[in-house]
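In each ligand, atom 1 is the first atom listed, and ligand 1 is the first ligand listed.
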Amino acid sequence: MKIGICCYPSHGGSGVVATELGKHLAERGHEVAFVSYDTPLRLSELPPRVSFHEVEIEQYPLLKHFPYTLALASKLAEVAETHELDILHAHYAIPFGAAALLAKQIVRSRDVKVALTLHGTDITLVGNNASFKPVTKMTIENADAVTVVSQFLKDETIRQFDVQRELRVIYNFIDPERHELEPCPCIPQCSMNSQKTIMHISNFRPVKRIRDVIAVFAKICASVDSRLILVGDGPDAIVAREMGQELGILDRIKFIGIVDRVAPLLARADLFLLPSSTESFGLVALEAMASGVPVIASDVGGIPEVVEHGRTGFLAPVGDVDAMASYAINLLTHAEDHCRFGMAAQEHARKKFDYRLIVPQYEKMYEDALNS
Ligand code: GMT
């Protein structure tokens with residue numbers, strides 16, 4: 001098949017899933033064309049059968065805001081024609097899904113199909129904004145196939161958009177081999193082996209509840225010798241610094257910034273924290289599990305479909321930092337339990353979310369869309 005993929009190129013779960021999916025599809029013999037305003041984060045090198053097409057953004061004095069969706073639709077249509085694409089796969093309803101539907105109207109030489117994957121914030125936060133809602137609903141209803149990354153997101157999409165069509169649940173995935181890498185030298189091994197490493201990776205948006213990350217860590221480090229490694233960047237990174245300073249624990253927090261590959265960092269972690277207010281799936285929790293790291297997270301959204309409470313990690317109500325800290329301290333101070341949870345986490349990630357199980361589900365979805 002010839003597949004066009006459009007997604008956010010910046011850091012974020014949807015872009016990671018789209019890029020990794022495209023690379024796996026190419027390995028399996030498909031031709032994949034990425035279309036975006038920038039090279040996706042995990043596509044620094046173009047593997048065989050993968051191409052990248054840049055949407056150029058120009059500023060015109062007449063237009064206060066550049067109409068990116070229209071430029072993207074034109075580029076998608078052009079690439080669909082020149083590369084004879086069978087299907088356009090948009091990751092995120094807006095603007096990508098909407099732009100792909102527009103491109104489908106422009107392409108005259110072939111009936112290019114549109115597949116849409118909903119990732120979460122396009123439904124729970126952005127898509128539900130009054131100014132986007134009609135476009136989001138139209139996009140979901142008119143795509144040739146729609147997938148969602150969890151059962152939670154399926155239920156939420158039906159609840160919020162009252163859509164009648166099929167929404168196929170296809171979980172996010174990991175490549176187990178990536179999680180067998182050597183630890184990254186940018187995080188030195190703890191000087192004393194007893195010191196524990198707590199990790200959080202995100203784009204530091206309010207939905208990630210960075211204050212809770214710091215509050216939980218403050219409680220952990222009051223009773224367990226530990227350090228916190230924060231990976232990523234975003235608007236609330238400053239909150240982490242300020243709170244760390246206020247609580248007198250800033251010297252125990254290390255800020256790594258945005259990285260391309262998280263597996264070598266996770267190889268240094270003893271525990272992963274994800275206290276988000278919502279999470280349609282929690283790809284980063286899955287990546288931690290794949291590295292054998294137990295997860296302490298909010299009992300919200302699609303997270304319980306990924307993290308098994310009491311087996312691969314612990315879940316607590318959103319904002320319950322006391323419960324999260326006490327689960328963490330318990331695990332960190334009971335070596336046997338910690339080891340058992342880590343092994344169960346890795347086994348669960350491999351058994352249920354290996355890309356070799358998930359990518360064929362996308363292929364099947366494409367085939368069904370092409371035959372529809
Ligand atoms: O969570 C983010 O801030 C990024 C966001 C995105 O759109 O890239 O992540 C969403 O998609 C990921 C991949 O499917 C999911 O693992 C995340 O749970 C989801 N984020 C939220 O629902 C908040």
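At a threshold of 4.0 Å, the pair E81-R110 does not count as salt-bridged, since none of the basic side-chain nitrogens sits closer than that to a carboxylate oxygen. Looking at D270 and R227, no side-chain N of the basic residue comes within less than 4.0 Å of a carboxylate O on the acidic one, giving no salt bridge. A salt bridge does not link E27 to R356: none of the charged side-chain nitrogens sits closer than 4.0 Å to a carboxylate oxygen. A salt bridge does not link K364 with E367: every distance from a Lys NZ or Arg NE/NH1/NH2 to an Asp or Glu carboxylate oxygen is 4.0 Å or more. Electrostatic pairing of K352 and E308 does not count as a salt bridge here, judged by no charged N lying under 4.0 Å from a carboxylate O.
Contacts of Y8 with ligand 1, taken as heavy-atom pairs under 4.0 Å, are absent altogether. Of all the heavy atoms of V16, none lies under 4.0 Å from any atom of ligand 1, so neither backbone nor side chain is involved. If you look at L283 next to ligand 1, the close heavy atoms, those under 4.0 Å, come from the backbone and the side chain alike.
Not a single N or O atom of G120, backbone or side chain, sits closer than 3.5 Å to an N or O atom of ligand 1. Ligand 1 has no N or O atom lying under 3.5 Å from any N or O atom of V17, backbone or side chain.
Between the side chains of H89 and T117, at least one donor-acceptor pair of N or O atoms lies under 3.5 Å.
Nearest-heavy-atom check against atom 8 (O) of ligand 1 across S14, S276, G232 picks out S14. The closest non-hydrogen atom to atom 5 (C) of ligand 1, taken over G13, G301, P206, A285, comes from G13. Among E156, H119, R205, the residue whose heavy atom sits closest to atom 2 (C) of ligand 1 is R205.
Of all atoms in ligand 1, listed by their number and element, those nearer than 4.0 Å to a heavy atom of T278 are 23 (C). Near N203, meaning under 4.0 Å from any of its heavy atoms, are these atoms of ligand 1: 2 (C), 3 (O), 4 (C). Close contacts of ligand 1 with K208, meaning ligand atoms under 4.0 Å from a residue heavy atom, involve 1 (O), 2 (C), 3 (O). Residue S280 has at least one heavy-atom neighbour below 4.0 Å for each of these atoms of ligand 1: 15 (C), 17 (C), 18 (O), 19 (C), 21 (C), 22 (O). With ligand atoms numbered from 1 in the order given, ligand 1 contributes 13 (C), 14 (O), 16 (O) to contacts under 4.0 Å with heavy atoms of N172. Each of the atoms 1 (O), 17 (C), 18 (O), 19 (C), 20 (N), 21 (C), 22 (O), 23 (C) of ligand 1 lies under 4.0 Å from some heavy atom of E279. In the vicinity of G282, heavy-atom distances shorter than 4.0 Å reach the ligand 1 atoms 15 (C), 16 (O), 17 (C), 18 (O). Ligand 1 places these atoms under 4.0 Å from at least one heavy atom of V149: 14 (O).
The number of heavy-atom neighbours closer than 6.0 Å to CD of E141, taken from other residues, nucleotides and ligands shown, is above 12.
Judged by the 6.0 Å and 45° rule, R241 forms a cation-pi pair with F255.
E246 is linked by a side-chain hydrogen bond (donor to acceptor under 3.5 Å, both in side chains) to nothing, counting only residues two or more places apart in sequence or in another chain.
Sorted by first then second residue, the salt bridge (charged side-chain N to carboxylate O under 4.0 Å, His left out) pairs that include residues 2-11, not counting sequence neighbours, are K2-E84.
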